[in-house]
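See structure below.
Quick note on labels: first sequence line is chain A, next is B, and so on, each numbered from 1.
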There are 2 protein chains.
Amino acid sequence: MQQEEPGRSSDWDRGVPTAVIARLPQLLRILDSAASRGVDTLSSDDLARRIDVSSAMVRKDLSILGFSGTRGVGYEVAALRLQIADVLGLSTDRPVAIVGMGHLGRALAAYPGFPAQGFRIAAAFDRDPAIIGSRVGAEGDLVVRHESGLERDVAAAEIRMAILTVPPAAAQRVADRLVAAGVVSLLNFAAVALQVPPGVQVRRTDIAAELQILAFHARQSTAIGDRATVMA
Amino acid sequence: MQQEEPGRSSDWDRGVPTAVIARLPQLLRILDSAASRGVDTLSSDDLARRIDVSSAMVRKDLSILGFSGTRGVGYEVAALRLQIADVLGLSTDRPVAIVGMGHLGRALAAYPGFPAQGFRIAAAFDRDPAIIGSRVGAEGDLVVRHESGLERDVAAAEIRMAILTVPPAAAQRVADRLVAAGVVSLLNFAAVALQVPPGVQVRRTDIAAELQILAFHARQSTAIGDRATVMA
DNA sequence: TAGTGTGAAAGCGTTCACAGCA
DNA sequence: TGCTGTGAACGCTTTCACACTA
């Protein structure tokens, strides 16, 4: 399965390990910060220390993507930044829909960092008549629309990414409709595993689950009685 | 490294792989839902289908924890539910602090699902005088306190878990203070890697990074032109 | 000299496949 | 018969170690 597409010029298509992709946003952030401080080269070790991985891994990641540094010096901040942004598809403005304008949905709509990262909240939906028409977003310039027009609005704006902040019971139904409307990437905050057709990617962020995982650890720590666990 | 503690009666101490722990909250949720529907046994396959993993993995996870089912039948919902809740330390009420009462912090404070899962938002902090004293939380019964009293309040309430929803620049400083006050588990929403002493666990939820990872995929999909990628 | 680039080795987590039991 | 429990195989990720070079 998963044959290499042979004719793709300088392209990493789908052959890039997910683990590598998942580290790129962090590298990008460090490069942004370095660039704004006027730093123009960083070694793999500099990068590694700040995202808490090994320097070998940073070098391997970058080499997998075909990005190379200078021996004895490091990587060029400006060049690398553009290359990574390009891999992540952040060069163009990406319209994103948010469905479910509860507390969390409104908080995300108001997140001021999205525009700088190439994302634009292009549509916000809910099913509660009391909310429809209200203004949300960092600038208050986004009007909540009724869910019934979801397909039309999403397709019209050519939206391919969506954030789901609806109750768990509604999540699958909404996901189906978003996919039908052309969405291929879903960020799901509802605590259910979504079924989607091949070619559609879902990432879940389950805040309650994260707390529970941490609770396991907190339980261990207190059981042992706070003695510092010696581990690298 | 990491020697087995021999004398611990029926105890899984720290020998449980993180990956296993991370799946338990999902299993727990399914068991809760099954229990409320009156279902009293579920097979590993039933469980697996709903959290989108293989049945072998479910069986292995449960067997690692020492939980066993009945051959030919499955697992007892009620018993398994209690066992998992116990492993995760959800039997007792866990006080949690939230630092940073911006949009996201307030949204989390208002999340109504926490009490049912054994978590209680016991304190909310911010540094902005305009917010101090305002009421937040699902019931509006939580008063935002000034960050300056963080150490005292956290220690007094014996809080060991905290949620960080502060700006990235403030995250490390706040984390240091929380740890000093006795917090051992941190859920970090700021887009920086925190440095913490051994014995303290951090889990990061980086919403912008998730979107960027999805953007990579959206970029691939559109580049290929929406033809359904045939993959299992 | 300082730091990249990369095979080879190690480590984990997941899946396979099937023996064993209600 | 149906489903659990689990060693063995597999594949992905990470680390090690070192040749190489600006």
Side-chain angles (χ1 to χ4, degrees), chain A residues 1-4 12-24 26-27 30-31 34 39-77 79-80 83-84 193 213 216 231-232, chain B residues 1-4 12 14-27 30-31 34 39-77 79-80 83-84 193 213 216 231-232:
Chain A
M1 64 184 83
Q2 185 170 319
Q3 69 280 19
E4 292 289 315
W12 340 253
D13 54 47
R14 201 174 265 74
V16 186
T18 325
V20 175
I21 300 298
R23 277 185 292 268
L24 295 184
Q26 302 173 63
L27 286 173
I30 292 167
L31 291 166
V39 177
D40 47 35
T41 59
L42 286 175
S43 70
S44 61
D45 199 57
D46 293 333
L47 292 165
R49 234 193 325 273
R50 303 196 206 180
I51 67 176
D52 203 31
V53 298
S54 74
S55 63
M57 188 182 279
V58 169
R59 291 198 298 277
K60 186 146 281 189
D61 283 356
L62 295 179
S63 114
I64 285 173
L65 294 164
F67 305 156
S68 43
T70 309
R71 288 168 201 246
V73 181
Y75 297 86
E76 254 190 75
V77 170
L80 192 53
Q83 287 173 306
I84 291 178
I213 295 165
F216 170 79
M231 280 178 72
Chain B
M1 63 185 83
Q2 186 171 320
Q3 70 282 15
E4 293 287 315
W12 337 255
R14 200 174 265 73
V16 186
T18 323
V20 175
I21 300 298
R23 277 185 292 269
L24 295 184
Q26 302 174 64
L27 286 173
I30 292 166
L31 292 166
V39 177
D40 47 34
T41 60
L42 286 175
S43 69
S44 60
D45 198 57
D46 294 332
L47 292 166
R49 234 194 324 274
R50 303 196 206 177
I51 67 176
D52 203 33
V53 299
S54 74
S55 63
M57 188 182 281
V58 169
R59 291 198 298 278
K60 185 147 282 190
D61 283 356
L62 295 179
S63 114
I64 285 173
L65 295 164
F67 305 156
S68 43
T70 309
R71 291 169 199 245
V73 181
Y75 297 85
E76 255 190 77
V77 169
L80 192 54
Q83 288 173 307
I84 291 178
I213 295 166
F216 171 79
M231 281 179 71

Residue pair L42(B) / L80(B), side-chain heavy-atom distance below 4.5 Å:
no
Less than 4.5 Å apart, any side-chain heavy atom of T18(A) and any of I213(B)?
no
Nearest 0.5 Å please: distance from the OG atom of S43(B) over to the CZ atom of R49(B).
6.5 Å
Could you tell me the separation between the CG atom of L31(A) and the OH atom of Y75(A), rounded to the nearest 0.5 Å?
11.0 Å
Do any N or O atoms of the protein come closer than 3.5 Å to N or O atoms of nucleotides 18-22 of chain C, and which pairs are they?
residue	atom	partner	partner atom	Å
dG20(C)	N3	R71(B)	NH1	3.1

Over how many whole Å does the gap from [X] atom [atom1] to [N] atom [atom2] extend?
{"X": "F67(A)", "N": "dT6(C)", "atom1": "CZ", "atom2": "P", "result": "14 Å"}
{"X": "D52(A)", "N": "dT13(D)", "atom1": "CG", "atom2": "C1'", "result": "16 Å"}
{"X": "D61(B)", "N": "dC12(C)", "atom1": "CG", "atom2": "P", "result": "17 Å"}
{"X": "L47(B)", "N": "dT4(D)", "atom1": "CG", "atom2": "P", "result": "8 Å"}
{"X": "M57(B)", "N": "dC12(D)", "atom1": "CE", "atom2": "C1'", "result": "13 Å"}
{"X": "I64(A)", "N": "dT6(C)", "atom1": "CD1", "atom2": "P", "result": "10 Å"}
{"X": "D45(B)", "N": "dT15(C)", "atom1": "CG", "atom2": "C1'", "result": "14 Å"}
{"X": "Y75(A)", "N": "dA2(C)", "atom1": "OH", "atom2": "P", "result": "18 Å"}

Using side-chain hydrogen bond (donor to acceptor under 3.5 Å, both in side chains) as the criterion, list what pairs up with E76(A), not counting sequence neighbours.
none
Set of side-chain hydrogen bond (donor to acceptor under 3.5 Å, both in side chains) partners for D52(B), sequence neighbours left out
none
Touch class at under 4.0 angstrom, heavy-atom based, for S55(B) against every strand present:
nothing
Tell me whether the OP1 or OP2 atom of dG5(D) has a side-chain N or O from S63(B) closer than 4.0 Å.
no
Phosphate-side-chain proximity, S44(A) and dG3(C), N/O vs OP1/OP2 below 4.0 Å
no
For the side chain of S43(B), starting at C-beta, report the closest nucleotide among dC3(D), dT4(C), dT14(C).
dC3(D)
For D40(B), check salt bridge (charged side-chain N to carboxylate O under 4.0 Å, His left out) against everything at least two apart and list the hits.
none
Check this for me: does any side-chain nitrogen of one of D46(B) and R50(B) sit under 4.0 Å from a carboxylate oxygen of the other?
no
Report all side-chain donor-acceptor pairs from residues 61-72 of chain B shorter than 3.5 Å, counting only partners two or more places apart or in another chain.
residue	atom	partner	partner atom	Å
D61(B)	OD1	R23(B)	NH2	3.1
D61(B)	OD2	R23(B)	NE	2.6
D61(B)	OD2	R23(B)	NH2	3.3

Show each protein N/O and nucleotides 8-11 of chain D N/O combination with a separation under 3.5 Å, one pair to a line.
residue	atom	partner	partner atom	Å
dA8(D)	N6	K60(B)	NZ	3.3

